[in-house]
Amino acid sequence: MNYKIALIRGDGIGPEIVGETVKVIDRIGERYGHTFEYVDVLMGGCAADAVGLSYPEGTAELCRSCGAVLLGAVGGPKWGSDRPAEQRPETALLAIRRDLGLYANLRPAALRPALADACPLKRETAERGIDLLVVRELTGGIYFGKRGRYQTGDRGLECTDLMAYSEKEIERIGRRAFEMARLRRKKVSSVDKANVLETSRLWRSVMHRLAEEYADVAYEDMLVDNCAMQLVRDPGQFDVVVTENMFGDILSDEASMVTGSIGLLPSASMGDAGPALYEPIHGSAPDIAGQDKANPIATILSAAMMFRYSFQLSAEADAIEAAVDQALAEGWRTADIAGPGEEAVGTQKMGQVIRDNI
Ligand code: NAD
């Protein structure tokens, strides 16, 4: 088994949170008898500074030589929109997704038991538990469609953004969602706007075909406006939510908010072959970079996803998640999740506590 891991430490808090995560991975190695090899990959603002390009040549090849990619975060005010595209960190993020063919974005949103108070919803809603997975299509739809602007006679400037989806694109993300549901509580909610959009009507017909094939998985259609409402009314009803790119962008942020802190949530992006990419959902937090204040948990939980999905090491993934829950249950908090009057520890201390719990 290839336990070679590409590390994109990136910018801002990236190096700090990846550093703590590597120590957790090494602890798993000691406990379970695995050896991990790391390949440092330069990407983002730091790469623009070092070699003049945010996505240096050979980045994708280096990643492809590994079994999985762990990314901290890239970006920051230093590399803003005044920079040419080839120096902007966002260019690198889109390029790596494209080059590794990462069309499926998996974002679990689970309320960690010790942090039920951080849930902004009603107490009884939080107590029913929240544990859902948003499966978002990542390389199609309106974000990748043709766009344009043109002058009209009397209406001034007019713009268009084209949303296009093929059956093939819908089927592969749909399959991913049903497969994930089989590993979880066996329910898929497919979210669309089929009462208005033609792409959604195609989406729905493909999903219905898959639902027949995966007859052991419960299936429902849901309109996106209703889903936005249900996520705050009763998020406990969801297991796997599958949806197209733009709806997924919005709904996954909403889902993450109902679980409390941005510093806690991991994600994975996958294709059909080659390494998947694991990263926290948050950015590079330049406001707290280099101050030992960042919460490393989202990145550590991203490593747990990596063990489960890329390395098929589910006991090791469970051990990491249990160690995080234990640290939280023992009352350890970084500043972003500390309540009033609660003492906060730094990035390194939180990393060490989690490590010691494994
Ligand atoms: P952000 O997620 O970096 O920060 C938002 C707020 O949350 C900040 O107050 C920050 O201090 C806090 N925060 C974020 N992560 C935290 C953590 N682990 N622990 C404690 N607090 C945390 O979002 P932003 O400020 O909008 O973006 C900052 C930079 O990150 C931008 O350059 C943006 O482009 C980039 N970004 C990168 C990625 C990525 O690499 N995938 C994703 C999103 C944003």
Side-chain angles (χ1 to χ4, degrees), residues 6-21 24 41-49 54-55 59 63 69-83 85 87-98 100 102 105-107 112 115 118 120 136 138-139 143 248-250 252-253 256-257 259-269 276-303 305 324 327-328 332-339 342 344-351 353-354:
L7 298 178
I8 303 176
R9 297 175 195 264
D11 308 312
I13 59 172
E16 298 167 73
I17 53 183
V18 171
E20 287 311 311
T21 303
V24 168
V41 178
L42 192 65
M43 190 185 104
C46 53
D49 285 353
S54 63
Y55 190 66
T59 302
C63 291
V69 183
L70 182 69
L71 166 71
V74 298
K78 187 177 170 197
W79 307 280
S81 50
D82 53 325
R83 295 277 188 128
Q87 290 182 12
R88 286 207 293 273
E90 295 72 25
T91 306
L93 276 181
L94 289 179
I96 190 113
R97 285 175 189 164
R98 180 198 59 213
L100 298 183
L102 306 175
N105 182 227
L106 273 53
R107 271 176 57 166
R112 312 232 68 94
L115 285 179
R136 166 189 168 194
L138 200 59
T139 55
Y143 291 173
D249 188 7
I250 299 166
S252 57
D253 266 20
S256 64
M257 257 323 287
T259 64
S261 167
I262 190 169
L264 293 175
L265 295 174
S267 79
S269 301
L277 183 144
Y278 299 87
E279 61 177 322
I281 68 157
H282 59 70
S284 59
D287 51 331
I288 54 167
Q291 299 169 37
D292 193 37
K293 281 187 183 159
N295 189 342
I297 290 180
T299 317
I300 290 170
L301 291 175
S302 299
M305 288 185 87
V324 166
L328 294 172
W332 299 99
R333 300 283 184 272
T334 43
D336 57 313
I337 51 173
E342 277 182 327
V345 297
T347 312
Q348 295 178 31
K349 178 69 187 174
M350 185 58 108
V353 170
I354 293 168

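Atoms within each ligand, like the ligands themselves, are counted from 1 in listed order. Since we're looking at a predicted model, the values are computed, not measured. Values below: all heavy atoms of this structure, side chains included; hydrogens, waters and symmetry mates excluded.
Within the 3.5 Å criterion, the main-chain N or O of Q348 finds a donor-acceptor partner in the side chain of D292. Looking only at distances, no side-chain donor or acceptor of N105 sits under 3.5 Å from a matching main-chain atom of S269. With hydrogens and angles disregarded, no donor-acceptor distance shorter than 3.5 Å links the side chain of S54 to the backbone of G44.
Contacts of D49 classified as side chain to side chain contact (heavy atoms under 4.5 Å, CB included), with partners at least two apart in sequence or in another chain: K78, W79, R83.
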>> Show, in sequence, the C-alpha distance, side-chain angles and deciding distance for R107 and D253, and conclude whether the salt bridge (charged side-chain N to carboxylate O under 4.0 Å, His left out) test is met.
In response: CA-CA 9 Å; R107 271 176 57 166; D253 266 20; 3.0 Å; yes

>> For a side-chain contact (heavy atoms from CB on, under 4.5 Å) check, start with the C-alpha distance between V353 and V345, then their side-chain angles and the critical distance, and finish with the verdict.
In response: CA-CA 10 Å; V353 170; V345 297; over 6 Å; no

Using a 3.5 Å cut-off on N/O to N/O, what pairs does ligand 1 make with the protein? A line per pair would be great.
| residue | atom | partner | partner atom | Å |
| --- | --- | --- | --- | --- |
| ligand 1 | 2 (O) | G283 | N | 2.7 |
| ligand 1 | 3 (O) | G283 | N | 3.4 |
| ligand 1 | 3 (O) | S284 | N | 3.2 |
| ligand 1 | 3 (O) | A285 | N | 2.8 |
| ligand 1 | 9 (O) | D287 | OD2 | 3.0 |
| ligand 1 | 11 (O) | D287 | OD1 | 2.9 |
| ligand 1 | 11 (O) | D287 | OD2 | 3.0 |
| ligand 1 | 15 (N) | H282 | ND1 | 3.4 |
| ligand 1 | 18 (N) | H282 | NE2 | 3.1 |
| ligand 1 | 18 (N) | N295 | O | 3.0 |
| ligand 1 | 19 (N) | N295 | N | 2.9 |
| ligand 1 | 30 (O) | S284 | N | 3.0 |
| ligand 1 | 30 (O) | S284 | OG | 3.1 |
| ligand 1 | 32 (O) | G76 | N | 2.9 |
| ligand 1 | 34 (O) | E90 | OE2 | 3.3 |
| ligand 1 | 40 (O) | V74 | N | 2.9 |
| ligand 1 | 41 (N) | E279 | OE1 | 3.0 |

